[in-house]
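Read the structure below first, then the notes.
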Amino acid sequence: MEVPLSLSLQKHPFVQSQTHELKHWNSIIKHHTKLKDDLAILTTYTQMESLGILPDTATLPLVLKACGRLQAIEKGKKLHNSISSTNLASDIRVQTALVNFYSKCGMLQNALNVFDEMTERDVVSWNAMISGCVCCYEYQKALRLFSQMQKGNLKANSVTIVELLQVCGELLELRSGKEIHGYSLRHGLFNTNPHVDSSLIGFYLKFDPWIASLVFQTLASRNTISWNTMISGYINHGDFLKALKLFILMLNEGFKCDSITMLVVIQACAEFGDHGLGMQVHQLVIKFGYNNMHIVNSLVNMYNKYADLKSSYELFTSIPTKDVALWNSMLSCYVESGLINESIHLLNKMQLEGIKVNERTIVIILPLCANLSNGLINGKSLHAYAFKIGKERNKHIGNSLVNMYTLLNCVEDATKVFNKMKDIDVISCNVFISALANNKLKVQSCEIFTKMLELEIKPNSQTITSILSAFDGIDLLKFGKSIHGYVMKCGIEIDASLNTALTEMYINCEDESMGMRVFEEFPEKDLISWNSLLSTYIKNNQPYKTLLLFHHMVTRVKVKPNFVTIINILSLYTHLSNLPQGKFLHAYTLRRFSLLNYDLPLVNAFITMYSRCGSLEYAENLFNVLPKTNLISWNAMIAGYGMHGNGDEAMLTFSKMVKQGFTPNRVTFISALSACSHSGMIQKGLHLFYSMIQDFGITPELVHYNCLVDLLARGGLLNEAKNVIDTMPMAPDAATWRALIVGCRVYSDTHLAKTAFENLIELEPKNPGNYVLLSNIYAASGLWDEVKSLRLILENKGLKKPAGRSWIVIKSQLHFFAAGDKSHPQSETIYRKLTSLLTFVKEMGYVPDLRWVLHDEDDERKMVRISCHSEKLAIAFGLINVSGGSRILITKNLRICGDCHEFSKYVSKLSRRMIIIRDATRFHHFVDGLCSCKDYWKQFQFFWVKIFIPLIDMTRQFSIGSNNLGCICFSNPLAIQHPTIDMSSSQNSSASIGMQE
DNA sequence: CTAGGGTTAG
């Protein structure tokens, strides 16, 4: 910008003459004005000033205009002073120029003073004053000036109209704008002046693109600007297709585009997401020769939106002199693509090339910090840099800092930044509220919400969604209802995610009908809404309703499920052990999505389903044909082998995985360590634990230490297990103590068990399972008084042990059994079969182990009690109904009873059938009198509970629900049949089970 | 004295 001055001065014929005559100076100023060289105008004026020459009425406005544009406040004021005593000060052109200068520099009062002193005013001076008010955001003042002007019988011209339309647009005054529209029609200002035409379109675009397009269509003559206005209007309304269509029409009608047309069209292409179209527009840019920095910048961003990093980078490198914005854009591409190293490299390169990092750069790289191991240090140094360049309080920087600190769990730092920020808006508040909500700081997030209302910042849909997520449980319902009311009252637009949050809120708080109403009445339900609804029902242990909804969604509403839907539904079949339905869903998915094999998360879910539904072979088959695997696939297989007691295969899979170049992660070691536990491979497990630390550099977490405790405890190394608990770097949790207690039970160490139990109860006083666990140990040691007192404690605390349930799936139908249950239609046959089984196995040497009856009764009663456990009923039913040769697969919600375990071994030998029982912790494969768990079954495995739970809590589902549906039976996931078994009567029998587990 | 854009949360 500085260069043209000397060049133009040299070229100008008058410069050489060095004359002091005014007309020569005026001539120079006029010349620079033509070249739009404001700086040169000011330099010229400075030279005149030093010679004591003042410009005349013709050139003085030109100098003032230059001062205004360059924000040369002092220079302009000085000029004003120097003419104040001359007759120039009363010239209408000069006064108008002063008004204009002061308002451009934001000094509205000075402008008004000049305006007030004017003795004579024309339209141009009124316009200057009105435009000055617009410049200084004083829109109401502008409107008042207009009415004053009309009182003076001055007719508005096109410039007045343009300014007034601007005012009405800013104030969102549709009515007033329409009046201005009418005024221009009456006075012949519309369709005669292109500025008015475009302004009118721009005005209507703030409200309704349809009205704007009607005006656009009536235009007698259009120019590039009116086309641009219309195109960018569509873009602002998110209608990228209409914008692009209009652009094509513009070309077809032979209008010339300019660089702004290309700029907005590139934006439309980027948002529209059509890679091919974007490339064509890029070709046009080259053809038309618009290669300014803004355009290149937009193109780089466009390719980034297409995830075409290669094109972004090629374009970026092809520009020899890049400005900071271009570097920022490229940097942003890398950061958004998650290329951390490349981003840092580019940042360094940028600085090496002497480009000064600006505030935008900071905003771009701050999110990286959350993913760096030394992220906080980097984040803080960026924060310090922002402080140094005086941008700490900047809105965008503040937002990013708040976000960064939150992701790094530094809520305090985030709060400090937020409190210091100036000009916060709804976005700033949303960032901060969601930060607080993520940390469940409900009081603080409400405070910010209140602060927003005080500052008159209108909350939007996202604000409400975030604030709802801060609440849990019963608080949520109370608060949720009032916030729902607030949303309705204030007319906050409900988007899909807010609707989902409201629906979930009501369902989670057991106001299901309201939740469904909110869901049903929302017109813009999309697949995501449906998927979240399904997952809410799953989380609330409502498998039956979930499946009904799924059915309704697919067949009635005709919403096509996607992978997420399938994974959700699949998880139900996985939990329910419904292998036939799982298989059916697999077949359905293969038909529906032919590329199933390429969506790894989905295939991994199927692998897990097969292994947890007892079909390790299917899981293996699926895994073996995968064209590509990821870490999760391997982890699923290792977990599968472990769960089925095949520790050797789990270890082999682990080695294969490492050999193929995968780096095991924390989950891999959880699965692998647990596999060792299940198969009693203590040495191998210990080795694995050390290898995890030394070879793979993974710092063991609590869950890994828990694995270690479990491994040692079940191997009888109770002191070593206790030692691990005492020396591990973090506090043990309930699972740690449970693992130790289970070891104590196997090796009958009641003393250590008591210590462990005291710790456990302190951590989880309300979990009935914990009391049952200790009761088991006392019972096994014959300490009946202690058992009794424990039961009293349970009763006093109002805790109830979950009832044991076993179920078996036959032809996709679930058949449930509780102990002593006689509600099944085939009940008589089942008991007859069971009696004969018992007779046969007793002959083979089976002796009922009455220690597993945790009631202090006589042996005869104990015998009756133990002979009708739910597992035994399910086995008898399975032998009757599963065709010979096929294996029998039974699932139990709790851990298998020890006596039933023995019984199953005998039955497998007697019937020559494979019996598989999945309990809360693992699989037991009974073949020819032996179990795959090698009798390591007694152990309670905490993390499997985590994996299986939320294992659908059958007790809750089938005894509380309004329709006591005993089974869920679908022959087809898309067609739900009615259940055949009523389990309502089994509630009574469950009450008498006692503390079996 | 006047119309269209420009790079900003996750």
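Side-chain atoms are counted along with the backbone in the values below, which use heavy atoms only and exclude waters and symmetry mates. Lettering follows sequence order; numbering is per chain, from 1.
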Next on the checklist: Whether A:K395 contacts B:dA9 is assessed here as follows: a side-chain N or O lying under 4.0 Å from the phosphate OP1 or OP2. Is that the case?
Outcome noted: no
Next on the checklist: Quick check with a 6.0 Å cut-off and a 45 degree axis cone: is A:R222 positioned over the face of A:F216's six-membered ring?
Outcome noted: yes
Item to check | Separation of B:dG5 C1' from A:L205 CG (nearest whole Å) | outcome: 14 Å
Next on the checklist: Can you tell me whether the side chain of A:D258 and the base of B:dG4 have a donor-acceptor pair closer than 3.5 Å?
Outcome noted: yes
Item to check | Sugar-phosphate, base or nothing in reach of A:V431, heavy atoms under 4.0 Å | outcome: base
Item to check | A:D323 CG - B:dG6 C1' separation (whole Å) | outcome: 11 Å
Next on the checklist: For a quick check, tell me whether the side chain of A:S198 and the base of B:dA3 share a donor-acceptor pair closer than 3.5 Å.
Outcome noted: yes
Next on the checklist: Nearest to the side chain of A:T224, heavy atoms from C-beta on, is which of B:dC1, B:dG4, B:dT8?
Outcome noted: B:dG4
Checklist entry - For the residue pair A:H187 and A:Y183, does the interplanar ring angle fall in the parallel (under 30°), tilted (30 to 60°) or perpendicular (over 60°) class? => result parallel
Next on the checklist: Expressed as a whole number of angstroms, how long is the span from A:N394:CG to B:dT8:P?
Outcome noted: 14 Å
Checklist entry - What's the CD-P distance between A:E163 and B:dC1, to the nearest Å? => result 11 Å
Next on the checklist: Given B:dT8, B:dG10, B:dT2, identify the nucleotide with an atom nearest to the side chain of A:P367.
Outcome noted: B:dG10
Checklist outcome for this item: Of B:dG5, B:dG4, B:dT2, the nucleotide closest to the side chain of A:I225 is B:dG4
Checklist entry - Can you find an N or O donor on one side and an acceptor on the other, under 3.5 Å apart, linking the side chain of A:Q267 with the base of B:dG5? => result no
Item to check | Nearest to side-chain heavy atoms of A:I260, which nucleotide of B:dA3, B:dG4, B:dC1 | outcome: B:dG4
Checklist entry - Counting side-chain heavy atoms from CB outward, which of B:dG4, B:dT2, B:dA9 is closest to A:V159? => result B:dT2
Checklist entry - Does the B:dA3 base have a donor-acceptor partner in the side chain of A:N223 within less than 3.5 Å? => result yes
Checklist entry - What nucleic acid atoms does A:N297 come within less than 4.0 Å of, heavy atoms only: base, sugar-phosphate, or nothing? => result sugar-phosphate
Item to check | Test of ring centre spacing under 6.0 Å for A:F316 and A:W327 | outcome: yes
Checklist entry - Picking from B:dT2, B:dA3, B:dG4, which would you name as closest to the side chain of A:S131? => result B:dT2
Next on the checklist: Counting the atoms with a prime plus P, OP1 and OP2 as sugar-phosphate, which does A:N301 contact under 4.0 Å by heavy atoms, base, sugar-phosphate, or nothing?
Outcome noted: sugar-phosphate
Item to check | Length of the line joining A:M452:CE and B:dA9:P, which is rounded to integer Å | outcome: 16 Å
Checklist entry - So what does A:N328 touch, heavy atoms closer than 4.0 Å: a base, only the sugar-phosphate, or nothing? => result nothing
Item to check | Length of the line joining A:N236:CG and B:dA3:C1', which is rounded to integer Å | outcome: 15 Å
Checklist entry - Please give, in whole Å, the distance from B:dG5 P to A:I266 CD1? => result 15 Å
Checklist entry - Does the side chain of A:N403 get closer than 4.0 angstrom to OP1 or OP2 of B:dG10 through an N or O atom? => result yes
Next on the checklist: Starting the side chain at C-beta, find the nucleotide from B:dT8, B:dG4, B:dA3 nearest to A:H195.
Outcome noted: B:dA3
Item to check | Salt-bridge criterion met for A:D38 and A:R69 (N-O under 4.0 Å) | outcome: yes
Item to check | Rounded distance in Å - CG (A:L366) to P (B:dG10) | outcome: 9 Å
Checklist entry - Within 45 degrees of the axis of the six-membered ring of A:F101 and under 6.0 Å from its centre: does A:K65 put its NZ or CZ there? => result no
Next on the checklist: What contact category does A:S298 fall into here, base, sugar-phosphate, or nothing, at under 4.0 angstrom with non-hydrogen atoms?
Outcome noted: sugar-phosphate
Checklist entry - Can you say whether the rings of A:H181 and A:F190 are parallel (under 30°), tilted (30 to 60°) or perpendicular (over 60°)? => result perpendicular
